[in-house]
Number of protein chains: 2
Amino acid sequence: MASRLSHIAKISDFLRKHKLSVTESRKQILKLFIEQPGALAHADIEKKTGERFDRVTIYRTLQTFLEKGIIHSIPTSDNSVLYALCKENCSEGRHVDHHIHFICTICQNTYCLDETNTPDIKLPKGYRLNRLEVVAEGTCKNCI
Amino acid sequence: MASRLSHIAKISDFLRKHKLSVTESRKQILKLFIEQPGALAHADIEKKTGERFDRVTIYRTLQTFLEKGIIHSIPTSDNSVLYALCKENCSEGRHVDHHIHFICTICQNTYCLDETNTPDIKLPKGYRLNRLEVVAEGTCKNCI
DNA sequence: TTAATTTTGCAACATAGTTGCTTTTAGATA
DNA sequence: TATCTAAAAGCAACTATGTTGCAAAATTAA
Ligand SMILES: [Mn+2]
Ligand SMILES: [Mn+2]
Ligand SMILES: [Zn+2]
Ligand SMILES: [Zn+2]
């Protein structure tokens with residue numbers, strides 16, 4: 001219980017550190033991201049919070065977290081938006097995510113492979129690269 | 001005019017070759033893909049055909065083309081679905097697209113970089129790779 | 001030309017996301 | 001601790017995107 005309390009205290013501190021006021025929805029949603037190994041969709045968050053928060057609140061919370069560099073979005077081939085926690089290097093306005101994403105076609109979970117950096121790509125002449133998004137699809141280590 | 005006629009004749013032949021009946025919407029939409037250097041979204045097709053076809057017809061035509069290996073879909077970070085013509089190697093059921101996609105943040109066009117193959121990725125132990133999707137973002141050669 | 005089959009268009013529906021406005025809450029201040 | 005102000009949440013209404021069932025129209029085969 002002490003650890004649980006300090007956990008929640010840490011979540012509040014984390015929000016304050018990012019210059020966000022500490023509200024129930026922000027605490028709950030951030031907690032979900034911290035406890036979750038994979039990425040979350042808007043619908044997941046709605047369910048996992050027991051539909052306690054309005055849909056709009058969840059949309060706005062995700063938007064805020066994105067802007068503050070707390071989470072990043074992951075594009076998927078079936079065109080659903082997923083979100084996952086950023087590591088240390090992201091900040092307000094600037095996302096520095098150079099890792100690739102892995103979607104397991106068995107368990108449907110999506111993971112940030114933080115240890116696997118995006119590769120160097122040689123583009124044809126005349127193209128200037130700003131950002132590279134790599135999404136791998138296959139079977140994860142739990143489902144293999 | 002002879003060339004235009006033969007162009008349309010070729011489009012019909014192309015459809016027949018893929019065992020599809022030749023209809024107005026299929027001809028028009030396929031023509032768009034052939035004449036277009038970049039990728040197309042559902043909304044683009046609706047506009048470029050002068051809203052002549054029902055939304056549902058366009059959805060179903062795209063679905064049919066996907067299944068027949070005529071076009072492939074491209075995931076984007078803003079979560080819109082784009083479609084582009086497949087090259088020779090795709091066929092009914094099986095898409096063999098190993099190229100990367102490039103989104104220009106200036107002109108908003110998306111291109112298939114057919115000459116640029118997806119790189120080899122080394123995944124962490126335990127992950128099995130099936131498919132790799134690489135989307136590059138930056139400035140295209142027309143906008144640089 | 002006709003008949004069978006496929007495709008289209010329409011209506012109704014479902015889901016995802018946005019916007020304006022009011023009420024509630026958090027954080028600052030007295 | 002009580003009060004005030006700014007920010008956030010909730011609500012309703014709306015748009016955009018995509019799906020499904022069915023009747024009408026078009027395509028292909030006979
Ligand atoms: Mn990630
Ligand atoms: Mn392509
Ligand atoms: Zn899995
Ligand atoms: Zn461009």
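Convention: sequence-line order gives letters A, B, ...; per-chain numbering from 1.
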Under a 4.5 Å side-chain heavy-atom rule over Ile, Leu, Val, Met, Phe, Trp and Tyr, are [X] and [Y] clustered together?
X        : Y       : result
A:Ile74  : A:Tyr59 : no
A:Tyr111 : A:Phe33 : no
A:Val22  : A:Leu30 : yes
B:Val56  : B:Leu32 : no

Can you measure [X] atom [atom1] to [N] atom [atom2] for me and round it to whole angstrom units?
X       : N      : atom1 : atom2 : value
B:Phe65 : C:dT7  : CZ    : P     : 11 Å
A:Tyr59 : D:dT15 : OH    : C1'   : 13 Å
A:Leu15 : D:dA7  : CG    : P     : 17 Å
B:Gln63 : D:dT20 : CD    : P     : 10 Å
B:Asp13 : D:dT28 : CG    : C1'   : 16 Å
B:Ile29 : C:dT7  : CD1   : P     : 13 Å

message: Show the nearest heavy-atom pair for residues A:Cys112 and A:Ala84, with the distance to one decimal.
response: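 Shortest heavy-atom separation between A:Cys112 and A:Ala84 comes out as SG-CB, 3.5 Å.
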Do [X] and [Y] sit within salt-bridge range, that is, some charged N less than 4.0 Å from a carboxylate O?
X        : Y        : result
B:Glu35  : B:Lys31  : yes
B:Lys10  : B:Asp13  : no
B:Glu133 : B:Arg131 : yes

Side-chain N or O of B:Arg60 closer than 4.0 Å to phosphate OP1/OP2 of C:dT8: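 No.
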message: Which residues in residues 39-58 of chain A have a heavy atom closer than 4.0 Å to any atom of DNA chain C?
response: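 Those residues are A:Arg55, A:Val56.
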task: Enter the inter-axis angle for the ends of the helix from C:dT1-D:dA30 to C:dA30-D:dT1 (five pairs per end, rounded to 10°).
output: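 Inter-axis angle at the termini of the helix from C:dT1-D:dA30 to C:dA30-D:dT1: 30°.
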field: Under 4.0 Å protein heavy-atom contacts per nucleotide of nucleotides 23-30 of chain C, with B for base, S for backbone only and - for none
entry: ---SS---
query: What is the nucleic acid contact for A:Thr64, judged by heavy atoms within less than 4.0 Å: base, sugar-phosphate only, or nothing?
result: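 Touches nothing.
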message: Pairing donors with acceptors under 3.5 angstrom, does anything connect the side chains of B:Ser21 and B:Arg26?
response: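 Yes, side-chain donor-acceptor contact under 3.5 Å.
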message: Among A:Ile70, A:Ile29, A:Ile71, A:Leu20, which residue satisfies the side-chain contact (heavy atoms from CB on, under 4.5 Å) criterion with A:Thr64?
response: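 Only match with A:Thr64 under side-chain contact (heavy atoms from CB on, under 4.5 Å): A:Leu20.
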- prompt: Where do B:His42 and B:Leu62 land on the side chain to side chain contact (heavy atoms under 4.5 Å, CB included) test, with the steps shown first?
  reply: CA-CA 8 Å; B:His42 178 275; B:Leu62 289 171; 4.1 Å; yes
